[in-house]
Number of protein chains: 2
Amino acid sequence: MLLHKVTLAIVDDHPVVIEGLQNILKNHDRIEIVGSFINGKDFISFIENSKVDVVLLDISLPDINGIALCREIKKSSPKTSILALSNHDERSMIMKMIENGASGYLLKNTSVDELIRCIEEAVNGNITFSSAVKEIISNPGLGDFREAVRLTKREKEILSLVALGKTTQTIADELFLSKLTVETHRKHLLQKFKVKNVAELIKIASQDNLL
Amino acid sequence: MLLHKVTLAIVDDHPVVIEGLQNILKNHDRIEIVGSFINGKDFISFIENSKVDVVLLDISLPDINGIALCREIKKSSPKTSILALSNHDERSMIMKMIENGASGYLLKNTSVDELIRCIEEAVNGNITFSSAVKEIISNPGLGDFREAVRLTKREKEILSLVALGKTTQTIADELFLSKLTVETHRKHLLQKFKVKNVAELIKIASQDNLL
DNA sequence: TTTTTTATACCCATTTACAGGTATTTATGA
DNA sequence: TCATAAATACCTGTAAATGGGTATAAAAAA
């Protein structure tokens, strides 16, 4: 048994959510809330000088991307357990957070009981998920095993020009390339995405936020 | 001055948000929270038998679309003021909610003070917005005046088949149409979206959630 | 009832895209 | 240093898409 209280911080840009979390946790005698932050930068400064055992981290913050913040926190304070709080229910996002040091992942519609259970697990050093998240992990959707397509810089560049409706010739002129070179890049894009024309290409790229 | 308390309900599928809102509002002596709901259906049943002056409504619920729910509520209980709570910061969404009977629109990152101010305004029958929302309304982005493209049923059907990478001929075969007919529909799609090829078409359709 | 929209279909000329190759130079990693 | 990946470029033939028209019947709206 630990004698000291567990120090916990909240990082979420929604004041109402902070209010809710504080209210839920304030009656737990083993937990002490040591700070609430509405952006990542402030929390990073804070953690450099303070001990935080657990942080409840909203992964969609205005100033910094959740994955990057997760890694930053682990670099500054490796012993801090990070519990990701998020609306994103894509398997890939869950996996990325875990890969980058999170100890758990909760969807925002998690019940209060489950939330507390997960925090307690995180305090004990375990990795935890809310039940909806477990469901997602164990029942991967169809698209979930299609690994992320790795595009070169040039390919990304051409992909976005294609998405703007530019033709091969126009792109070639703009980039001072041969039309044939641009055709090759397009061909590689179609191959990498395993699609057979631009319509499908742009749809998938758009769904994967590559535009 | 009213003698009775203002009755207020909360509809949000995030338990933590409900907790936060309850906690923020419980000390207001003029406000009485008469119910909290995590889906639209339950609230619709509730409001048929109860008087609710103000409802804080999350517009992204699992069971029903926010706009439809807004209209439902106004139909069942026209005197209830609806304050929309949302993460969606698109001008078009804000306008749609107001058109469908909402008395205000708050982004979820609204501060507690502002939230209370808006609830009080709504109680008094005014239409209110959080400052971030006012900003959005008064500074329309570039795309905001491009009015929503109105597609016919057939056009939508063909658009989604095109997005699946099917060729004109394939689509014609599947729908038992002449290839020339499908070509005409495609042409109309390009014209309506004011674009010159499928790449641009699919990108815009995808951004507008038409796929 | 008249007008407009929707869905259908056709024609022609031209441009663009796609499939399936090969090949060279330059970076980048192991 | 050796192998691999990236970026470049070329060739040929075919398939598909686009632009700019016209036209008609049916359905929906005014």
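Basis for what follows: all heavy atoms, side chains included, without hydrogens, waters or symmetry-related copies. In what follows, chains are A, B, ... by sequence order, proteins preceding strands, each numbered from 1.
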Rounded distance (Å) that lies between atom [atom2] of [N] and atom [atom1] of [X]:
| X | N | atom1 | atom2 | result |
| --- | --- | --- | --- | --- |
| L180(A) | dC18(C) | CG | P | 15 Å |
| N197(A) | dT14(D) | CG | P | 21 Å |
| R150(B) | dT5(C) | CZ | P | 12 Å |
| K166(B) | dA17(C) | NZ | C1' | 20 Å |
| E200(A) | dA17(D) | CD | P | 12 Å |
| K194(B) | dT18(D) | NZ | C1' | 18 Å |
| L189(A) | dA17(C) | CG | P | 13 Å |
| K156(B) | dT6(C) | NZ | P | 11 Å |

Check every strand shown and say whether [X] touches a base, only sugar-phosphate, or nothing at a heavy-atom separation below 4.0 Å.
| X | value |
| --- | --- |
| K187(B) | base |
| E183(B) | base |
| S178(B) | sugar-phosphate |
| H185(B) | base |

* Salt bridge flag under 4.0 Å for residues K96(B) and E99(B) -> no

* When you check the gap from the basic side-chain N to the acidic O, do R154(A) and E157(A) get nearer than 4.0 Å? -> yes

* Asked: Between atom CD1 of I94(A) and atom CD1 of I136(A), what is the distance when rounded to the nearest 0.5 Å?
  -> 4.5 Å

Side chain of [X] only, please: which of [options] is the nearest?
| X | options | value |
| --- | --- | --- |
| T168(A) | dC18(C), dA9(C), dA17(C) | dA17(C) |
| K196(A) | dT8(D), dC10(C), dA19(C) | dA19(C) |
| T152(B) | dG20(D), dA17(C), dT6(C) | dT6(C) |
| T181(B) | dA19(C), dA7(D), dA9(C) | dA9(C) |
| R186(A) | dT8(C), dC18(C), dA7(D) | dC18(C) |

* To do: Given salt bridge (Lys or Arg N to Asp or Glu O under 4.0 Å), test K192(B) with E155(B) step by step and report yes or no.
  => CA-CA 10 Å; K192(B) 285 189 176 181; E155(B) 285 165 349; 2.6 Å; yes

* When you match T184(A) and K179(A) each to their closest nucleotide on DNA chain C, which lands nearer the 5' end? -> K179(A)

* Close side-chain approach of V34(A) to T7(A), heavy-atom, < 4.5 Å -> yes

